[in-house]
Amino acid sequence: MDRAELSITVHRTGDEAVLRLAGEIDMLTAGQLATVVNEVLADPPPRIVLDMAGVTFCDSQGLGTLVVLSRKASHAQSLLVLSNVGDFLLRVLDITGLRSALMIRNETAP
């Protein structure tokens with residue numbers, strides 16, 4: 001079995017930090033995502049955007065991490081937003097009931 005990979009690039013502007021994610025968010029990479037978001041929260045912008053366009057997989061550990069990070073951001077007076085969420089992940093969020101727990105902003109949505 002190959003080791004799951006998650007690539008994260010951070011681009012910070014005045015009022016937001018955009019984290020472009022590529023790869024898998026699972027039990028092996030969720031800690032990496034949490035570390036990067038926590039580093040951004042050390043000096044929290046009003047908005048943290050997780051660009052999920054490159055995410056190919058997300059397991060229960062990844063989902064839990066997204067919810068925890070959303071709450072942490074909220075406590076830091078920041079808003080965690082998921083953008084470019086793929087259909088597979090939207091379905092998982094619907095099935096698990098977590099869609100309402102996360103802020104989702106898809107540019108393709110009406």
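Quick note: residue numbers are just sequence positions, from 1.
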Is any side-chain heavy atom of [X] closer than 4.5 Å to a side-chain heavy atom of [Y]?
X	Y	answer
V49	L82	no
V81	L102	no
L79	I48	no

Under the 3.5 angstrom rule, does the side chain of S83 hit a backbone N or O of N106 as a donor-acceptor pair? no

Just by distance, do the side chain of T56 and the backbone of G23 share a donor-acceptor pair under 3.5 Å? yes

Find out if a path of hydrophobic residues (ILVMFWY) with successive side-chain heavy-atom gaps under 4.5 Å connects [X] to [Y].
X	Y	result
L69	L98	yes
L90	V92	yes
V67	M52	yes
V85	V68	no
I104	L80	yes

Provide the full list of side-chain hydrogen bond (donor to acceptor under 3.5 Å, both in side chains) pairs with a residue in residues 62-74, sequence neighbours left out, each pair given once. N38-K72

So, using side-chain hydrogen bond (donor to acceptor under 3.5 Å, both in side chains) as the criterion, who are the partners of [X] when residues are at least two apart?
X	value
R99	D94
D51	N84
E16	R47

Filter on salt bridge (charged side-chain N to carboxylate O under 4.0 Å, His left out), then keep only pairs touching residues 75-91, sequence neighbours left out; what's left? none

Of all residues at least two apart in sequence or in a different chain, which pass the salt bridge (charged side-chain N to carboxylate O under 4.0 Å, His left out) check with E39? none

Closest heavy-atom pair, Q32 versus L6, reported as atoms and distance to 0.1 Å, is NE2-O, 2.8 Å

Can you name the nearest heavy-atom pair linking A76 to P44, along with the distance? O-CG, 3.7 Å

Show me, pair by pair, the donor-acceptor contacts under 3.5 angstrom made by side chains of residues 57-64, not counting sequence neighbours?
{"residue": "D59", "atom": "OD1", "partner": "Q61", "partner atom": "N", "Å": "3.0"}
{"residue": "D59", "atom": "OD1", "partner": "G62", "partner atom": "N", "Å": "2.9"}
{"residue": "D59", "atom": "OD2", "partner": "M27", "partner atom": "N", "Å": "3.2"}

Tell me every residue that passes side-chain contact (heavy atoms from CB on, under 4.5 Å) with [X], counting only those two or more places apart in sequence or in another chain.
X	answer
A17	R12, L19, V40, P45
T9	R20
P46	D15

